[in-house]
Novice: 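Mind looking over this structure? Questions follow.
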Amino acid sequence: MTITQIRAFYLAATLGSFTAAAEYMGLTQPTISELVRKVEDQYGMALFVRRGRRLVLTTAGQALMPWAKRLLDAELGADSALTALSTGEGGTVSFGILKNANYYHLSELAAVFREAHPNVRIRLLGQNSFEVADAVRNGTLEAGLLCLPVPTEGLHIQPLMRHEILWASSKPERCMRPMSLIDMPKEPLILYDARHGEEDPTRLQLTQQAQQLGVTLEPDIEVESVDAAMSLVSRGLGDSIVPQAVAQSDHFPSNIHVATLENPIYDTFALVRRENWELSPIAAHLADLAVSMLLNKVSGEIA
């Protein structure tokens with residue numbers, strides 16, 4: 001049975017005639033009769049008997065009626081949900097944001113979006129870039145912001161800008177000149193994003209450079225957040241790398257010194273969505289808003 005056949009049957013039953021159902025659907029009376037007849041032929045059972053000018057349900061018609069209502073209610077609900085999402089009047093939108101979103105003013109994203117679309121539910125997931133890429137690829141997230149490099153299979157990636165990664169140490173002499181890979185292991189190394197290790201885009205760049213020079217970089221301490229790493233650096237327990245936006249924040253520990261890297265590495269920010277996949281209008285609006293807020297906060301070179 002098709003949705004059109006079910007609709008013809010249901011309207012004929014509730015309105016009492018094929019003619020009334022035809023007027024409601026914008027079709028002809030013979031068309032409605034034929035739609036119902038095909039269902040009756042398929043199952044070998046009549047759905048209506050005529051009593052005067054009015055249709056009356058048979059036992060088969062009575063059995064079909066509640067299922068027809070459920071199906072049409074579901075169709076109406078699906079249409080309403082998609083209409084609401086496309087117009088910004090309802091639904092849910094999911095988006096991945098940078099793990100350190102607060103350093104890029106993205107912590108305000110939910111508030112700004114909600115003000116414009118008060119009836120839309122928002123899921124903003126702050127994750128490691130590797131996780132964001134996977135979640136977009138498998139459809140858990142509609143789109144997201146992340147740092148490159150990440151595996152690109154099945155993804156459409158739009159590079160936005162890049163921001164330099166700095167060396168951080170509580171010892172000023174360690175930051176008097178650009179930090180070389182040769183000198184990095186001379187003090188304990190503290191790295192963040194412990195859960196993803198070498199899959200983290202920033203650490204991946206650092207490790208690849210070290211391998212090319214034959215330098216082994218083994219972290220003495222691994223923590224999950226950049227804030228935890230900077231707290232340990234501030235206490236003199238080792239050195240670390242730090243995004244420029246973090247080092248420039250008002251809450252950055254005053255006793256931590258920073259320097260550029262002799263071989264610079266960057267956080268390259270990008271907007272990612274599934275390949276050959278168009279975002280819903282409301283998701284596209286959220287993505288545009290996130291990109292705008294990021295670019296307005298951080299100045300950098302276009303990648």
Novice: Please check if any side-chain donor atom of Tyr192 sits under 3.5 Å from a side-chain acceptor atom of Asn100, or the reverse.
Specialist: no

Novice: So which atom in Tyr266 and which in Glu164 form the shortest heavy-atom distance, rounded to 0.1 Å?
Specialist: CD2-CA, 3.5 Å

Novice: Would you say Ile190 and Val242 are hydrophobically clustered, going by side-chain heavy atoms of ILVMFWY under 4.5 Å?
Specialist: yes

Novice: Linking I/L/V/M/F/W/Y whenever any side-chain heavy atoms sit under 4.5 Å apart, do Phe9 and Ile3 land together?
Specialist: yes

Novice: Is it the case that the side chain of Glu40 and the backbone of Leu47 share a donor-acceptor pair, with hydrogens and angles ignored and the cut-off at 3.5 Å?
Specialist: yes

Novice: Determine the interplanar angle of the His163 and Phe269 rings, folded into 0 to 90°, and report it as parallel if under 30°, tilted if 30 to 60°, perpendicular if over 60°.
Specialist: tilted

Novice: Just by distance, do the side chain of Ser129 and the backbone of Leu146 share a donor-acceptor pair under 3.5 Å?
Specialist: no

Novice: Is there a path from Leu279 to Val93 through hydrophobic residues (I, L, V, M, F, W, Y) whose side chains come within less than 4.5 Å of each other?
Specialist: no

Novice: Please say which of Val291, Thr268, Leu295 ends up in a side-chain contact (heavy atoms from CB on, under 4.5 Å) with Met161.
Specialist: Leu295

Novice: For the backbone of Glu153 and the side chain of Glu275, can you confirm whether one donor and one acceptor N or O come within less than 3.5 Å of each other?
Specialist: no

Novice: Which heavy atom of Arg203 sits nearest a heavy atom of Asp200, and at what distance?
Specialist: N-OD2, 3.1 Å

Novice: Take atom OH in Tyr24; do more than 12 heavy atoms of anything else shown fall under 6.0 Å from it?
Specialist: no

Novice: Any chance CZ of Arg114 has more than 12 other-residue heavy atoms, nucleotides or ligands included, within less than 6.0 Å?
Specialist: yes

Novice: Please check if the side chain of Arg174 supplies one atom and the backbone of Asp183 the other of a donor-acceptor pair under 3.5 Å.
Specialist: yes

Novice: Determine whether the side chains of Thr19 and Glu23 contain a donor N or O and an acceptor N or O closer than 3.5 Å.
Specialist: no

Novice: Does either side chain, that of Ser234 or that of Ser231, offer a donor lying less than 3.5 Å from an acceptor on the other one?
Specialist: no

Novice: If you apply the rule salt bridge (Lys or Arg N to Asp or Glu O under 4.0 Å), what do you find for Glu131 with Arg195, and how did you get there?
Specialist: CA-CA 11 Å; Glu131 289 180 310; Arg195 185 153 61 101; 3.1 Å; yes

Novice: Are Ile157 and Phe130 connected in the hydrophobic side-chain network, where two residues link if heavy atoms are under 4.5 Å apart?
Specialist: no

Novice: Between Asp267 and Thr202, do the side chains contain an N or O donor and an N or O acceptor separated by less than 3.5 Å?
Specialist: yes

Novice: Between Asn138 and Asp134, is there a donor-acceptor pair closer than 3.5 Å when you use the side chain of the first and the backbone of the second?
Specialist: yes

Novice: Check the surroundings of atom CD in Glu115: do more than 12 heavy atoms from other residues, nucleotides or ligands lie under 6.0 Å from it?
Specialist: no

Novice: Without swapping roles, check the side chain of Thr2 against the backbone of Gln5 for a donor-acceptor pair under 3.5 Å.
Specialist: yes

Novice: Compute the centroid of each ring, for Phe113 and then for Phe95, and state whether the two points are separated by less than 6.0 Å.
Specialist: no

Novice: For the residue pair Ser170 / Asn255, report whether a side-chain donor-acceptor contact shorter than 3.5 Å exists.
Specialist: no

Novice: Give a yes or no on whether Gln42 atom CD has more than 12 heavy-atom contacts from other residues, nucleotides or ligands under 6.0 Å away.
Specialist: yes

Novice: Taking all non-hydrogen atoms of both residues, which atom of Arg274 and which atom of Arg137 are closest, and how far apart?
Specialist: CD-O, 3.6 Å

Novice: Could you tell me if Arg273 sits above the aromatic ring of Trp277, with its cationic atom closer than 6.0 Å to the ring centre and no more than 45 degrees from the axis?
Specialist: no

